[in-house]
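Below is one structure, written out as structure tokens; the observations come after it.
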Amino acid sequence: MSADALLSTWLRPSRQRVRLDTLLLGLPGLLLATTLVWRLAGLVPAAILLLLCSALLSGLIVRRARRFDQAWLVRRLDARRADLEDSSALLFADPQALGPLQRLQRSRLDQRLGQGMPEELAPDWSRRMIIALWAVALLGIATLLLWPRGSDKPVVLAPAAEGIAAKPGIPRLVAQNLRIIPPAYTGLSLRDEAKLDARAPLGTRLEWTFRFDPQANAPALLPLGGAGVALRRDGEHWIASRTLDASFLYRVDPASGRGPLPPLHRIDGVVDAPPQVKLIAPAASLNMVAPGQRSWTPVFAATDDYGVAATARLRITLAIGEGENIRFTEREIAVSGTGAARDRRFAPRLDFGALGFRPAATWWCRSSCATIACPRRRKCAAPVSSCAGPRSRRPRAAGCKAWSTPLCRPISAASARSSSMPRRC
């Protein structure tokens with residue numbers, strides 16, 4: 001048997017064993033994490049996490065299997081097979097490079113090797129670890145599946161206040177509840193409203209529960225200017241649900257138009273505004289740079305109703321030269337923030353030397369931030385800040401001021417939008 005065929009035959013069982021062992025070790029954590037994300041954030045984030053973790057687990061399996069190569073097999077044979085006399089390396093050596101005694105020894109090793117099975121060299125199963133991980137994962141998954149959702153808590157109906165007098169044989173609304181389930185990214189908890197008017201973030205799930213007296217046959221929830229929402233019966237109650245995608249007015253019609261016109265109710269959808277970013281420092285319109293200053297630290301503040309991402313992007317534009325000999329370069333760097341998620345501060349220390357800032361140079365920087373998480377991450381940019389290096393003195397021109405001292409000055413967002421670069425004299 002050739003060395004390649006011998007290597008493949010004796011390594012295959014060990015590689016298969018370690019692949020399956022790694023899969024059994026990693027699968028419990030993957031399933032538990034996916035179930036947790038599914039319960040907290042929904043199906044789409046859970047599917048994305050499952051794909052990413054599956055790719056990572058596959059890479060780990062391949063990496064562990066690659067450790068079982070020829071060098072490992074030689075060590076394993078020498079350790080497990082005393083009849084091979086610590087000469088297993090001869091089995092994989094080039095026959096043309098062996099001497100007469102080595103060839104004789106190799107032929108003996110070939111005969112002895114056939115007395116064993118490749119499965120005998122496979123590594124042991126990680127039995128205890130596999131059992132422990134699966135026990136913990138199954139217990140955690142069962143807990144997550146059986147744990148009641150916030151939307152599963154009992155509904156308590158409040159007396160209706162439609163202001164409609166009772167008429168014999170005509171159903172009317174006597175009890176009601178509006179359950180508001182905000183999107184997960186907002187961090188807001190579920191709440192029940194006794195009234196049918198409410199205000200909630202867009203993307204909120206609305207669930208109505210009604211009771212009619214006498215019992216209605218085909219009640220309906222009628223948005224003004226839109227299609228009606230069907231109600232389904234659950235015992236003595238009627239239930240309707242809808243996702244809030246825009247503000248709307250609606251009526252609850254229990255009698256299919258046979259009774260008095262019910263009053264209108266209003267649901268206001270709150271738009272998720274982008275984060276607000278403002279420049280905190282420098283506060284003055286003109287800031288003198290001290291002699292020997294080697295860095296600059298602009299400070300930006302970012303606020304959002306539901307949270308700002310911990311990392312922002314800082315765009316730096318550098319202009320080097322004067323007059324017509326100006327060269328522009330632009331770069332972006334990541335900046336870490338501090339403080340609470342809803343009110344973060346970003347204070348990057350910009351090193352003049354590392355960023356190429358030199359005399360007769362000017363740079364502009366702007367920070368942009370994003371919300372923590374939502375169906376579409378919202379972004380917002382801060383006002384522009386500029387920093388200028390020392391320049392040679394020049395004669396004053398009409399309406400212009402010659403700068404000979406290093407300075408740092410903020411530029412308003414309106415000025416930044418009106419021109420790609422602030423003009424300097």
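Please read these numbers as outputs of a predicted model, since none were measured by experiment.
- When each of Ile164, Leu196, Val252 is tested with Pro263 by the rule side chain to side chain contact (heavy atoms under 4.5 Å, CB included), just one qualifies, namely Ile164.
- Annotation for Trp238 and Asn217: closest pair CH2-O, 3.6 Å, computed over non-hydrogen atoms.
- Checking side-chain atoms of Asp234 against main-chain N and O of His237 turns up no donor-acceptor pair under 3.5 Å.
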Could you check Arg251 against Leu224 for side-chain contact (heavy atoms from CB on, under 4.5 Å), going step by step and ending with a plain yes or no? CA-CA 8 Å; Arg251 289 187 172 94; Leu224 196 63; 4.0 Å; yes
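- Note that CZ of Phe68 and CG of Leu11 are 9.0 Å apart. Values are rounded to the nearest 0.5 Å.
- For the pair Arg242 and Phe248, the cation-pi criterion (under 6.0 Å, within 45° of the ring axis) is fulfilled.
- Exactly one residue among Leu173, Leu157, Asn177 makes a side chain to side chain contact (heavy atoms under 4.5 Å, CB included) with Phe210. That residue is Leu173.
- Annotation: side chain of Pro159 is not in contact with side chain of Val174 (no heavy-atom distance under 4.5 Å).
- Rounding to the nearest 0.5 angstrom, the gap separating the CG atom in Leu57 from the CD1 atom in Ile61 is 4.0 Å.
- Side-chain atoms of Tyr306 do not come within 3.5 Å of backbone N or O of Leu188 as any donor-acceptor pair.
- Nearest heavy atoms, Phe346 versus Ala302: CE1-CB, 3.9 Å.
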Checking side chain to side chain donor-acceptor pair (under 3.5 Å) for the pair His265/Glu162: CA distance, chi angles, key distance, verdict? CA-CA 10 Å; His265 303 282; Glu162 297 285 82; 2.8 Å; yes
Test Arg64 against Thr22 for side chain to side chain donor-acceptor pair (under 3.5 Å), laying out the working first. CA-CA 8 Å; Arg64 287 195 68 188; Thr22 306; 2.9 Å; yes
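- Looking at heavy atoms from C-beta onward, Phe300 lies in side-chain contact with Leu314 at the 4.5 angstrom threshold.
- Separating the CG atom in Asp268 from the CG atom in Leu244 is a distance of 9.0 Å, to the nearest 0.5 Å.
- Between the Thr34 side chain and the Leu30 main chain, a donor and an acceptor come within less than 3.5 Å of each other.
- For Asp21 (side chain) and Ser126 (main-chain N/O), a donor-acceptor pair under 3.5 Å exists by modelled atom type.
- By the 6.0 Å contact criterion, CD on Gln215 is enclosed, its count of non-hydrogen atoms from other residues, nucleotides or ligands being greater than 12.
- Under the 4.5 Å side-chain criterion, counting only non-hydrogen atoms from C-beta, Ser54 is in contact with Leu50.
- Side chains of Arg179 and Leu190 form a contact here, defined as non-hydrogen atoms less than 4.5 Å apart.
- Checking side-chain atoms of Thr243 against main-chain N and O of Arg205 turns up no donor-acceptor pair under 3.5 Å.
- Heavy-atom contacts from other residues, nucleotides or ligands closer than 6.0 Å to CZ of Arg345 number more than 12.
- Residue Pro223 comes nearest to Gly228 through the heavy atom pair CD-CA, 3.9 Å, listed as atom of the first residue, atom of the second, then distance.
- Between the side chain of Arg331 and the backbone N or O of Ile316, no donor-acceptor pair lies under 3.5 Å.
- With rounding to the nearest 0.5 Å, the separation of OG in Ser14 from CZ in Arg19 is 10.5 Å.
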Please walk me through it: do Leu202 and Asp245 pass side-chain contact (heavy atoms from CB on, under 4.5 Å)? CA-CA 5 Å; Leu202 294 181; Asp245 51 11; 5.8 Å; no
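- Of all the heavy atoms in Pro348 and Pro298, the pair that sits closest is CD-O, 3.3 Å.
- Using a distance-only test at 3.5 Å, with no hydrogens or angles considered, a donor-acceptor pair links the side chain of Trp134 to the main chain of Leu24.
- Of the charged side-chain nitrogens involved, none lies within less than 4.0 Å of a carboxylate oxygen, so that Arg266 and Asp197 do not count as a salt-bridged pair.
- You'll find the side chain of Leu144 reaches within 4.5 Å of the side chain of Leu32, heavy atoms only.
- Judged by distance alone, with hydrogens and angles left aside, the side-chain atoms of Arg17 form a donor-acceptor pair with the main-chain N or O of Pro123 at under 3.5 Å.
- Nearest approach of Ala194 to Gln176, heavy atoms of both residues: O-NE2, 2.9 Å.
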Which is it for Val155 and Trp208 under the side-chain contact (heavy atoms from CB on, under 4.5 Å) test, yes or no, and what are the steps along the way? CA-CA 10 Å; Val155 175; Trp208 292 268; over 6 Å; no
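- In this structure, the side chains of Glu207 and Ile181 come closer than 4.5 Å at one or more pairs of heavy atoms.
- Between Ile267 and Arg199 there is no side-chain heavy-atom pair separated by less than 4.5 Å.
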Show, in sequence, the C-alpha distance, side-chain angles and deciding distance for Leu222 and Tyr250, and conclude whether the side-chain contact (heavy atoms from CB on, under 4.5 Å) test is met. CA-CA 5 Å; Leu222 304 175; Tyr250 70 101; 6.0 Å; no
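- Contact between Pro254 and Pro219 at its shortest, heavy atoms only, is CA-CB, 4.0 Å.
- Side-chain contact between Ile180 and Leu206 is present, with heavy atoms from C-beta onward closer than 4.5 Å.
- Once rounded to the nearest 0.5 Å, the distance linking CG of Leu221 with CG of Asp253 reads 10.0 Å.
- Within the model, atoms CG of Leu178 and CD of Glu193 stand 6.5 Å from one another, a figure rounded to the nearest 0.5 Å.
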